[in-house]
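Only one structure is covered here, and it is reproduced in the block below.
Being a predicted model, the structure only gives us computed values, none of them experimental. Note that ligands are numbered from 1 as they come in the structure, with each ligand's atoms numbered from 1 the same way.
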Amino acid sequence: MSHSKVDMRSDTVTRPTPAMRQAMAEADVGDDVYGDDPSVNALQLRVAELLGFEDAMFVPTGTQSNLCAIMAHCERGDEYLVGQMQHTYRWEAGGAAVMGSVQPQPIAHQPNGTLALADIEAAIKPDDVHYARSRLLALENTLGGSVMPLDFLAQASALAQRHGLARHLDGARLFNAAVAQGEGGDWRSAARRITSHFDSVSVCFSKGLGAPVGSMLCGSQALIKRARRVRKMAGGGMRQAGVLAAAATHALDHHVDRLADDHRRAQRLAHAFAELPGLQVAPVHTNIVFVDITPHAKEKAVGLIDFLAARGVLANGLYRLRFVTHLDVDDAGVERAIEAMRERFSGN
Ligand SMILES: *Cc1c(COP(=O)(O)O)cnc(C)c1O
């Protein structure tokens, strides 16, 4: 990282480490559209097996991964059920509707980010000519950094199955959830406990895992076969993608266990911010800290992002103040953010 600034806007801002760049430089490659890239093929097999699926497909972005999943599960005129704040619905430019002609049925979240089972059930349409065909339930974990309770995933999944709906998980930050829930550091079992409730799962290597590019969609062989056609249509058929798969492979080898450090640093931020007047800190489960500024401290919110940036701290203020920890945020960076926030909010 550049030492003049600590960038906590997102965990997407990480730069590949020297060791990761070395792995990329040495990657064995081939034309992946022909299925000829050994590094991509090995990574697909590895992630499918790791998460308990028959097959997997390497894609450039999580957005494309989710789009491929939704369009592989659904036909034109079908509908997918999704939480209001989920990435697929809110932050992917409406791709499922625009490119897939798949109607989203958004559902309001509960305060902890889950969806009420009664709300899901009420949104599933009966088989009647008036309605779009409800085909898919899409969930997200972590959601805004919150780990979804396993019993919620199990119950929502069972409900979807009872109604004949497929189940997709946007697990862009699945490994953060798995590390948070893994007992004795066993994130592999924790990841499987989550993914076992889904027919398809998308994971990102370009978030906390620190790869520059790359996501993986996992599912059955039949689903991934359909998804490969969508990926081609979306322009995501890559050629010598092994250099990217090598980065993702390196990330899986070296950057999963260390997510616990990101989570510890996020806790440190949350506890320090919670002591400052005018700040309300949302519960922190993993690597994302959301901070709301109370109405009586509102004037301190004006120009806050620029104030922090002038002190070498980049935070996200798109809709709420957000600090995200990752590979390129160390303890000194965390203390710098705390100092800058203290300067703004402590006293008077
Ligand atoms: C980042 C993210 C994605 C995909 O993002 P890309 O920038 O397209 O890789 C999908 N879902 C969630 C929850 C995300 O945070």
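For atom 13 (C) of ligand 1, the nearest protein heavy atom (residue, atom name, distance) is E140 OE2, 3.1 Å. Considering only non-hydrogen protein atoms, atom 9 (O) of ligand 1 sits nearest to G62 N, 2.8 Å. Looking only at heavy atoms of the protein, atom 11 (N) of ligand 1 is closest to D170 OD2, 2.6 Å. Among all non-hydrogen protein atoms, the one lying nearest atom 8 (O) of ligand 1 is T63 OG1, 2.6 Å.
Residue S215 has no N or O atom closer than 3.5 Å to an N or O atom of ligand 1. The shortest N or O to N or O distance between K207 and ligand 1 is under 3.5 Å. Residue A172 places no N or O, backbone or side chain, under 3.5 Å from any N or O of ligand 1.
Between F323 and F273, the ring-plane angle classifies as tilted under the 30° and 60° cut-offs. Taking the six-membered ring where tryptophan is involved, the planes of H255 and H250 are perpendicular, since the angle between them exceeds 60° and thus also 30°.
Rounded to the nearest 0.5 Å, atoms NE2 (H285) and CZ (R173) are 14.5 Å apart.
Residue contacts with ligand 1, taken as heavy atom pairs separated by less than 4.0 Å, do not involve L143 at all.
Between R336 and the options L308, D331, V313, a side-chain contact (heavy atoms from CB on, under 4.5 Å) holds for only V313. None of V281, V291, V289 except one satisfies the side-chain contact (heavy atoms from CB on, under 4.5 Å) rule with L321; the exception is V291.
Here is the list of ligand 1 atoms found below 4.0 Å of a heavy atom in T61: 8 (O), 9 (O).
Grouping the Ile, Leu, Val, Met, Phe, Trp and Tyr side chains by contacts below 4.5 angstrom, directly or via other members, places L137 with L143.
Contact analysis puts R173 in contact with ligand 1, with a non-hydrogen atom separation below 4.0 angstrom. Taking 4.0 Å as the cut-off, E92 counts as a neighbour of ligand 1 on heavy-atom distance.
Not one N or O on the side chain of Q84 forms a donor-acceptor pair closer than 3.5 Å with the backbone of H109.
Contact record, A123 with E79: O-OE1, 3.8 Å, taken as the closest heavy-atom pair.
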